Every structure is written in C-alpha cells, then in structure tokens.
Amino acid sequence: KCDIKNGARNPKKGECLLREVCEVRYGFVKRESCNYPVTVLCRVMKLDRSSYYEWLSKPETIDPLELRQIAEAEFLFNRSRKSFGSRRIAQGLTKVGLTIGRCRARTLMRKLGLFVQRKRKFKVTTDSNHSLPVAPNLLDRNFCPISANVAWGSDITYVWTMEGWVYLAVVIDFYSRRVVGWHMDKRIDKSLVLKALTMAISLRQPPKGLIHHSDRGSQYASDDYQKALKKHGLKASMSRKGNCWDNAPTERFFSSLKREWIGDKIYKTREEATKDIRKFVAIYYNAIRPHSTLGYKTPLEFEKIA
C-alpha cells in the first residue's frame, strides 16, 4: 500500500514517482468520495485509509510557478477544444515564458486529467467524373515554396447541420499554411470556389505565375474558374486522380478543422456552423494554432518573421 510518510523517511530510487502516484490516487479518492464510500475507494486504489485522511488534513501547498503552468496549460488545452497534446502544450507554455519540456508537459496534463479527445474520422469526396479539361500536376508535391504567393492549394469539404449540409471552400498559401481565401454555402458549385478565390486574390494580390493547385473536381475544372485563374495570371495545377496526397496540406487543414474543432458537435443551423468555422479559420487556425511544419509558429507569426 502507498504511504507517503514511509517514503519520505526512507529516500530511495523511485521515491518521487511513488509520491506522485500516491498524490494522484489520493486526489482520485477525494474527487469520488461524494459518490462512493472512502473505505471502498481506498481499497480499490490500494491506499491506507489513515494515510489518506492524514493527507487530506494537510494544507495543500503548490509552487507559484506550478500554479501558473497549471492555469496556462488548462487555458491552452480548453482553447484548442481538447486537441492539444503534450508537444503543443509545451510549446505554448514556452511562448509565455514558462519553459518546460514535453515530458514535463505530459506529466502536468496527466496530473490535471487533460486527455486529448479522439475524434471520429471523416471521408472526403470529389466529383471528378466529368469531361472538362484537366490541368497537369505542376506542383508535384512541392509543399514548401521559398516565399509567400508562390503556390496555393484549394479544396472543398462539407459539414453537417440540422438544416442540411454546408460546404466550405478554402485557398491556402503553402508557404505559411495560412488560409488566404474561404467561403461557405449550402450549395457546392463553381460559385463557392470562385468566391474563395476572389477573397484570396483580393487579400494577397498574387504575382503572375503563381501555381494554383486543386483536385480534379468539376468546380475547379469549370470554364469560369479556369478563366478567373488565367485573368490573374495564375497557373492551374491538379492532383492525380484519386490521390489525396497530392494536396496534403489542404487535406490536413480539413482534418484539423473536423477533428480538433468540430469533433462530434452537431450544428443546429448553417448560420451557426458558418460563425463557428469563421472563428476557427480567421482567429484560431491562422493566428493561434501552432504548426509543427512551421517550427510551432502560427501562419501569421511565420509570415511576419519571413
């Protein structure tokens, strides 16, 4: 049975681990004591009941630095909608001057009961069964251009609401992974992707020769969309048929949106979905969420230091 007193009197290898295990078990008994008898809980957790009551009577002393780490870790975890693991928690704490390693962050999360929620998988579909012209794969998986406005990626996904589907089209700059254009609508047509492209062009004013990469969907292969690309001097590039890896960063964005942000949430209306996803794109993803590909900087931070 765990006994902190005996461990403290007889220092030995593994004592710190034993003490931490006891603290976690005592904390569990304390939390569950309103639901089950303490005697039963101590028996299940293999604790001595007298030691538990002695631990309970002691004033809880927490180091001020640890208090700050706890508060900031909980804030980062909850702001990410329970999607941040130990690596991102460690990076987030380091950014605010609370430098810790990943192992310490993992221990802290375990102590606080912060566990990343597993999200259900989502499938992505593309309507490539059409007779429209298809552009060659100019990008050829070069997802790390040397500067901004060299290569963009575009794609469409869908989100379920109680009013029906709502579709999201995005344009992402591969250099910083920043979403530079996006639009949502209840219809999945060429207007959806054109409005996202228009936003991106208006925001970035890209130079001629920029590679615009997408899948072979009918929306991107449409005559109107291709005319818009040519009008602004953008080069069309398309993935090989049925190969999602040819547009991996964009697929990764959709995965982050659905697994980290939406999860199992069901939106009541399309308007509610649009507002929440706008918050993800404009605020969280571009300005708050660190990217491992960018050295755990946000897209906006990465562009500023470039």
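Count residues from 1 along the sequence. Note that this is a predicted model, so its numbers are computed, not measured.
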> ring-ring contact (aromatic ring centres under 6.0 Å, His included) between F253 and F280: does it pass, once the steps are laid out?
Replying inline: CA-CA 11 Å; F253 166 79; F280 174 81; 5.7 Å; yes
>> Testing the basics here: between L112 and A73, what is the closest heavy-atom pair and its distance to 0.1 Å?
In response: CD1-CB, 4.5 Å
> Do the non-hydrogen side-chain atoms of M45 and Y26 ever get within less than 4.5 Å of each other?
Replying inline: no
> Shared ILVMFWY cluster between I288 and F254, side chains joined below 4.5 angstrom?
Replying inline: yes
>> Testing the basics here: between A135 and A236, what is the closest heavy-atom pair and its distance to 0.1 Å?
In response: CB-O, 3.6 Å
> Is there a donor-acceptor contact under 3.5 Å from the side chain of S255 to the main chain of E251?
Replying inline: no
>> If we ignore hydrogens and angles and just use 3.5 Å, is the side chain of R216 paired with the main-chain N or O of S239 as donor and acceptor?
In response: yes
>> For a side chain to side chain contact (heavy atoms under 4.5 Å, CB included) check, start with the C-alpha distance between D173 and N149, then their side-chain angles and the critical distance, and finish with the verdict.
In response: CA-CA 7 Å; D173 191 318; N149 299 322; 3.5 Å; yes
> For the side chain of R88 and the backbone of P290, is there at least one donor-acceptor N/O pair under 3.5 Å apart?
Replying inline: yes
>> Do D246 and H213 have side chains that approach each other closer than 4.5 Å (heavy atoms only, starting at C-beta)?
In response: yes
>> Applying the side-chain contact (heavy atoms from CB on, under 4.5 Å) criterion to K275, which one of K279, E271, E272 satisfies it?
In response: E271
>> Using 0.5 Å steps for rounding, measure from the CG atom of D189 to the OH atom of Y167.
In response: 10.5 Å
> Under 4.5 Å between any side-chain heavy atoms of V159 and L168, yes or no?
Replying inline: no
> Are any of the side-chain heavy atoms of L234 and P206 separated by less than 4.5 Å?
Replying inline: yes
> Counting only N and O atoms by type, is there a donor-acceptor contact under 3.5 Å from the side chain of K258 to the main-chain atoms of Y158?
Replying inline: yes
>> Please tell me whether V180 and Y225 are part of a single hydrophobic cluster in this structure, the criterion being side-chain heavy atoms less than 4.5 Å apart.
In response: yes
>> Does W55 form a side chain to side chain contact (heavy atoms under 4.5 Å, CB included) with K30? I'd like the steps, not just the answer.
In response: CA-CA 10 Å; W55 171 84; K30 182 179 179 181; 4.2 Å; yes
>> Could you see if L93 belongs to whatever hydrophobic cluster contains F77? Use Ile, Leu, Val, Met, Phe, Trp, Tyr and a side-chain cutoff under 4.5 Å.
In response: yes
> Quick one: does R177's side chain get under 4.5 Å of T293's, heavy atoms only?
Replying inline: yes
>> Any salt bridge linking E72 with K95? Criterion: basic side-chain nitrogen under 4.0 Å from a carboxylate oxygen.
In response: no
> How far does OG of S86 sit from CG of L108, to the nearest 0.5 angstrom?
Replying inline: 10.5 Å
>> What I want to find out is whether K186 reaches E163 closely enough, with some N-O distance under 4.0 Å, to be called a salt bridge.
In response: no
>> Rounded at 0.5 Å granularity, tell me how far CG in N142 sits from CZ in F174.
In response: 9.5 Å
> After noting the C-alpha distance and the side-chain angles of D276 and W261, does the key distance pass the side chain to side chain contact (heavy atoms under 4.5 Å, CB included) rule?
Replying inline: CA-CA 9 Å; D276 192 48; W261 193 256; 3.1 Å; yes
> If you take all heavy atoms of S80 and Y284, which pair is closest and at what distance?
Replying inline: CB-OH, 3.1 Å
> Does one hydrophobic cluster hold both V171 and I188, with members joined at side-chain heavy-atom distances below 4.5 Å?
Replying inline: yes
> At what distance, to the nearest 0.5 angstrom, does NE2 of H212 lie from CE of M238?
Replying inline: 8.5 Å
> Can you list the steps and then say if L197 with L229 is a side chain to side chain contact (heavy atoms under 4.5 Å, CB included)?
Replying inline: CA-CA 9 Å; L197 177 64; L229 293 179; 3.8 Å; yes
> Do S256 and R289 pass the side-chain hydrogen bond (donor to acceptor under 3.5 Å, both in side chains) test, and can you show the C-alpha distance, the side-chain angles, and the key distance before you say yes or no?
Replying inline: CA-CA 10 Å; S256 298; R289 183 186 183 277; 3.3 Å; yes
>> Restricting to non-hydrogen atoms, name the atom on R49 and the atom on V38 that form the minimum distance, rounded to 0.1 Å.
In response: CG-CG1, 4.3 Å
>> Nearest 0.5 Å, please: how far is CH2 in W160 from NZ in K265?
In response: 15.5 Å
>> Return the CD1 to CG distance between I89 and L76, rounded to the nearest 0.5 Å.
In response: 5.0 Å
> Do the non-hydrogen side-chain atoms of K231 and I201 ever get within less than 4.5 Å of each other?
Replying inline: no
> Hey, are the side chains of M162 and I266 touching, using non-hydrogen atoms and a 4.5 Å cut-off?
Replying inline: yes
>> Distance alone, cut at 3.5 Å: any donor-acceptor contact between the side chains of D48 and S50?
In response: yes
>> Show the nearest heavy-atom pair for residues P133 and A221, with the distance to one decimal.
In response: O-CB, 3.6 Å
> Taking the side chain as C-beta and beyond, is there a heavy-atom pair between D215 and N247 under 4.5 Å?
Replying inline: no
>> Would the distance check show the side chain of W245 and the main-chain N or O of R141 forming a donor-acceptor pair, the cut-off being under 3.5 Å?
In response: no
> For L192 and A169, which heavy atoms make the closest approach, and how far apart are they?
Replying inline: CG-CB, 3.7 Å
> Mind checking whether L139 and I172 sit in one hydrophobic cluster, side chains of I, L, V, M, F, W, Y counted as touching below 4.5 Å?
Replying inline: no
